[in-house]
Amino acid sequence: MKKYNPKLIERKWQKKWAESGIYKDYSKPKKFYALDMFPYPSGAGLHVGHPKGYIATDVVSRFKMLNGFSVLHPMGWDAFGLPAENYAIQNKIHPEAAVKENIKTFKKQLGLFGFTYDWDREINTTDPEYYKWTQWIFLKMFEKGLAFESDEPINWCPSCQTGLALEDLENGLCERCGTQVVQKKMRQWVLKMTDYADRLLEDLDREELDWEKSIVDQQKNWIGRSEGAIVKFSIVTNGSLASTMEAKLPNMLEVFTTRLDTIFGCTYCVVGPEHPIIEKLKDQIKNYKEVEKYVIKAQNKTDLERTDLQKEKTGVELQGIRVTNPFNNEELPLFVADYVLGHYGTGAVMAVPAHDERDFEFAKKYKLPIKKVILPEELLNIPRNLEDIAAGARTELRVESDCFICDGKLVNSGKYSDLTSEKAREKMAAWLEKKKIGGKKVNYKMRDWVFSRQRYWGEPIPIIHCEKCGTVGVPEKDLPVELPKVEKYEPTGTGEGPLANIKEWVNAECPQCGGPGKRETNTMPQWAGSSWYYLRYIDPKNEKELVGKTEEKKWMPVDLYVGGAEHATRHLLYARFWHKFLYDIGVVSTKEPFKKLVHVGLIQGEDGRKMSKRWGNVINPDEVIFEYGADSIRLYEMFMGPFMQNIAWNTKGVVGMRRFLDKVWKLKSVISEQRSVNNNLEILLHKTIKKVTEDIESFRFNTAISALMIFLNELEKQERLFTVHCSLFIKLLSPFVPHIAEEIWEKLGHDKSIFFEKWPEYDPKLIKDEQIMLVIQINGKVRDQIEVASGVKEKDAKELALAQDKIVKYIGDSSIKKIIFVRDRLINFVI
RNA sequence: GGGUGAGUGGCGAAAUGGUAUACGCACUAGCCUUAGGAGCUAGCGGGGCAACCCAUGGAGGUUCGAAUCCUCUCUCACCCACCA
């Protein structure tokens with residue numbers, strides 16, 4: 001018998017699979033679309049952590065094939081964007097060349113694992129034939145008014161020299177390079193994602209959406225819907241209402257609040273430093289110099305400084321300006337303070353120090369009045385019975401500081417006093433609406449998507465600026481607008497993209513009037529191409545449409561999507577947004593793109609830290625495969641623990657998997673005859689079929705594999721092995737370790753691939769043991785166990801149990817108070 | 001500060017109200033071997049000669065019975081964070 005030699009076997013089968021194209025049978029009636037988050041091909045190549053998710057989708061894909069599904073399992077490259085470009089700049093290669101090189105490496109590395117990818121469907125986001133459609137989607141959004149130009153200040157990374165979306169920040173630092181982001185006012189393309197906020201939120205609760213709770217919660221949190229109200233405070237300047245229409249001065253200050261019930265406790269109002277009212281009322285503000293100084297200082301602060309929770313709150317009163325609370329006509333001071341954010345709500349708030357911690361802090365510092373208008377309900381119904389107090393009935397009653405931020409009952413609130421917070425909010429909002437000075441309003445934390453980057457390596461935005469016609473979309477027939485090949489592509493830092501330097505590219509005819517125009521020089525962000533790629537796999541060669549209708553209907557939605565949890569609020573939100581837009585314009589037929597979403601846990605370095613060059617703890621899969629074989633690493637990564645959990649790599653673990661496969665390999669030589677007998681092994685086999693089937697379906701690969709190991713251990717104890725047992729066992733193993741499974745299958749005398757076989761079904765009659773071990777407990781403690789026929793009745797079990805010496809001894813003279821009998825499991829005597 | 005999840009042998013972990021520690025790694029002893037980063041056999045939570053007792057971060061509770069459910073508490077990880 002030859003030794004198990006994974007190198008030979010794996011090369012042989014990978015070649016055979018590629019030649020025969022067994023994975024490309026898309027003719028079966030049932031479909032399954034298995035998708036991995038495609039990688040961006042970095043220069044470092046794959047480490048052992050990357051393939052974990054890919055292995056899982058491959059296991060499920062093969063499992064589904066065996067269960068009679070047509071399986072679409074594609075792979076491609078997300079190659080635009082900052083990481084690829086920064087890598088190219090650092091290594092002084094053109095990004096296009098770098099990407100080409102890196103893809104080659106990645107593809108070679110992935111090839112070693114024996115995945116079922118249909119490489120005919122390979123896509124690359126930097127391919128003009130691909131980004132033609134990315135640009136097409138942008139144009140459609142532009143046509144519908146969802147893509148527009150804006151001059152709002154945005155987050156600017158001084159190191160990457162580009163604007164960033166809110167989603168690209170980590171604690172106010174650039175997510176890519178860690179540089180502090182600054183606010184910069186500049187012309188930007190923005191996608192109106194907030195128009196879809198409600199649908200993005202609501203559809204997360206759709207029944208057919210089988211997503212992990214943590215990711216659903218993260219998205220909900222990010223979208224951040226909050227129901228509140230707008231209240232208009234009238235503005236009083238120098239003692240009179242500022243409604244002189246001639247001067248066009250604003251006469252109302254709009255604030256947003258979720259706690260309208262606390263409005264009688266409002267003792268001042270605050271606007272953020274960005275608020276336009278400051279500029280507009282500058283002549284009325286007595287201390288304008290001081291105010292201006294504060295505003296400039298606040299604007300120069302980085303986001304990190306400004307949002308630092310530890311820092312003390314600061315602000316300046318706008319002297320000469322007062323605002324009036326419409327509910328009680330009280331005149332209140334107005335402040336500017338940078339704890340109020342310009343971009344959320346109306347950029348202005350009513351401050352209620354008694355019931356908001358931030359206002360409380362500010363009011364204490366500036367000695368502003370604090371007026372209580374909400375009391376905890378418990379305080380109003382103090383229990384008469386002192387014993388209740390002793391019993392802890394009032395543990396809920398805790399007023400730790402003078403600031404009470406929960407709902408309760410209103411006091412000192414005019415006709416609204418004695419109402420609960422919830423009721424008061426309803427009534428007050430209704431009153432505001434009646435008086436036309438505000439009303440209910442829903443706000444979102446999520447902001448529109450800042451969609452332009454001042455960089456070279458991205459999809460050109462297909463827009464031409466014409467002096468006469470303004471911004472004009474490039475006609476569909478002229479797509480793609482190809483990214484020009486240039487020598488110099490470093491960022492300019494001026495706010496224009498590097499493309500601005502290429503005169504012959506920039507100057508273009510206006511598609512509308514034929515006059516001189518200039519091309520848009522900003523490019524799209526990294527996330528553009530990945531926002532719809534799953535659709536292109538379905539119909540990658542289609543030149544006329546983004547995706548053909550028939551093909552789209554056949555494959556969508558994606559049945560299984562596997563990837564890292566870090567994409568919960570960016571890629572997954574952007575993709576859902578684009579998908580909903582494509583649904584609205586009739587390109588796709590499903591409301592949501594991804595049916596089941598599973599996130600893959602990180603594989604950390606052997607030192608428990610994140611695998612990275614910096615720590616020198618990177619494990620290269622090529623070397624592991626060279627040493628132990630692809631099947632061993634596949635098996636190990638699925639066995640190492642719960643799929644979603646982060647776990648440190650341990651090469652010793654791969655050794656164990658190799659030992660297991662060595663034993664599997666040896667089995668084939670001792671198979672003696674083809675016969676089935678009904679014995680314990682048969683029962684175990686059917687139990688194993690059940691367990692492996694269920695575990696693969698629910699992503700519990702680790703326990704599926706352990707069941708297979710238990711079965712092998714049992715097989716090894718047998719004197720004679722029967723072909724039927726071994727065949728079924730190999731089939732169960734095949735999704736995990738396809739190469740060795742094929743080889744053994746062939747050696748067993750089959751001339752067709754094991755993946756043309758049918759997945760084994762268990763016999764429900766066989767998974768019931770005939771004899772079971774019945775546990776005997778006394779007062780819940782295990783004291784003995786007896787072998788009895790399964791399905792034994794309580795009466796018989798009791799008799800048998802009470803006949804055991806040990807039990808007799810334990811019970812002694814005590815009387816049995818109660819007997820608990822759990823069928824086929826235990827009998828418990830309470831004495 | 002908010003959200004989510006998790007704490008079980010030397011290590012990765014299993015068990016979702018019913019025999020805690022399956023399976024794998026590491027380790028120990030023995031066999032085989034010129035040798036072993038190979039293979040085989042046995043052992044492997046702690047204590048005890050034993051009968052047994054004690055153990056799932058900690059403290060209570062519910063239950064005939066709790067790693068699992070409830071209350072409090074400690075620790076760790078990830079995500080969000082002045083969102084009014």
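Each chain gets a letter, A, B and so on, in the order the sequences are listed, and its residues count up from 1. Any value given below was found using the heavy atoms of this structure, including those in side chains, with hydrogens, waters and symmetry copies removed.
Residue A:Q785 is classed as a base contact, given a heavy-atom separation below 4.0 Å to a base. Within the 4.0 angstrom heavy-atom criterion, only backbone atoms of the sugar-phosphate kind lie near A:I647; the bases stay farther away. If you check every strand for non-hydrogen atoms under 4.0 Å, A:V655 touches nothing. Backbone-only contact: A:V830 has heavy atoms under 4.0 Å from sugar-phosphate atoms and none from a base. Within 4.0 Å of A:R823, counting heavy atoms only, lies no atom of the nucleic acid at all. Residue contacts shown for A:N702 are limited to sugar-phosphate atoms, with no base heavy atom under 4.0 Å away. Heavy atoms of A:G656 sit under 4.0 angstrom from primed sugar atoms or phosphate atoms, though from no base atom. Backbone-only contact: A:Y810 has heavy atoms under 4.0 Å from sugar-phosphate atoms and none from a base. Backbone-only contact: A:I710 has heavy atoms under 4.0 Å from sugar-phosphate atoms and none from a base.
In B:G9 the base sits syn relative to the sugar, since the glycosidic angle is no further than 90° from 0.
In this structure, of B:U19, B:A84, B:C82, it is B:C82 that holds the atom nearest to the side chain of A:D338. Proximity note for A:N221 (side chain, C-beta onward) versus B:A84, B:A13, B:C80: the nearest is B:C80. Among B:C40, B:C64, B:C79, the nucleotide with an atom closest to any side-chain atom of A:Q218 is B:C79. Nearest to the side chain of A:T257, among B:U4, B:C25, B:A84, sits B:A84. With distances taken from any side-chain atom of A:Q777 to the nucleotides B:C23, B:U19, B:C25, the minimum falls on B:U19.
Regarding A:E606, its CD atom lies at a distance of 13 Å from the C1' atom of B:G12, rounded to whole Å. Per the geometry, CG belonging to A:D662 stands 14 Å off P belonging to B:G24, to the nearest Å. Rounding to whole angstrom units, CG of residue A:N779 and P of B:C53 are separated by 12 Å.
A:I374 CD1 to A:C406 SG: the interatomic distance, rounded to the nearest 0.5 Å, is 10.5 Å. Taken from CD in A:Q785 to CD1 in A:I772, the straight-line distance is 10.0 Å, to the nearest 0.5 Å.
Geometric assessment of A:K371 against the ring of A:F264 yields a negative cation-pi assignment under the 6.0 Å and 45° thresholds.
Using a 30° and 60° split on the angle between ring planes, A:Y636 and A:W649 fall in the perpendicular class, above 60°.
Among A:R576, A:R447, A:M446, the one residue that satisfies the side chain to side chain contact (heavy atoms under 4.5 Å, CB included) test with A:M193 is A:M446.
B:C80 and B:U28 have their P atoms separated by 46 Å, with the value rounded to a whole Å. Between B:C76 and B:C82, the distance separating the two C1' atoms is 27 Å to the nearest Å. For the C1' atoms, the distance from B:U21 to B:G45 is 8 Å, rounded to whole Å. Remark: the separation of the P atoms in B:G10 and B:A55 is 16 Å, to the nearest Å. Across B:G58 and B:G7, the matching P atoms stand 13 Å from one another, rounded to whole Å.
Along RNA chain B, the nucleotide nearest to A:A348 and the one nearest to A:S214 differ in position, and the one closer to the 5' end is contacted by A:S214.
Closest approach of A:S632 and A:R658 over heavy atoms only: OG-CA, 3.5 Å.
Under 4.0 angstrom from either OP1 or OP2 of B:A84 there lies at least one side-chain N or O belonging to A:Y344.
The base of B:G1 has none of its N or O atoms less than 3.5 Å from a complementary donor or acceptor on the side chain of A:E357. Residue-to-nucleotide contacts include no donor-acceptor pair under 3.5 Å from the side chain of A:K445 to the base of B:C80.
Contact of the A:V336 side chain with the A:V270 side chain is not registered, since no non-hydrogen atoms from C-beta on lie closer than 4.5 Å.
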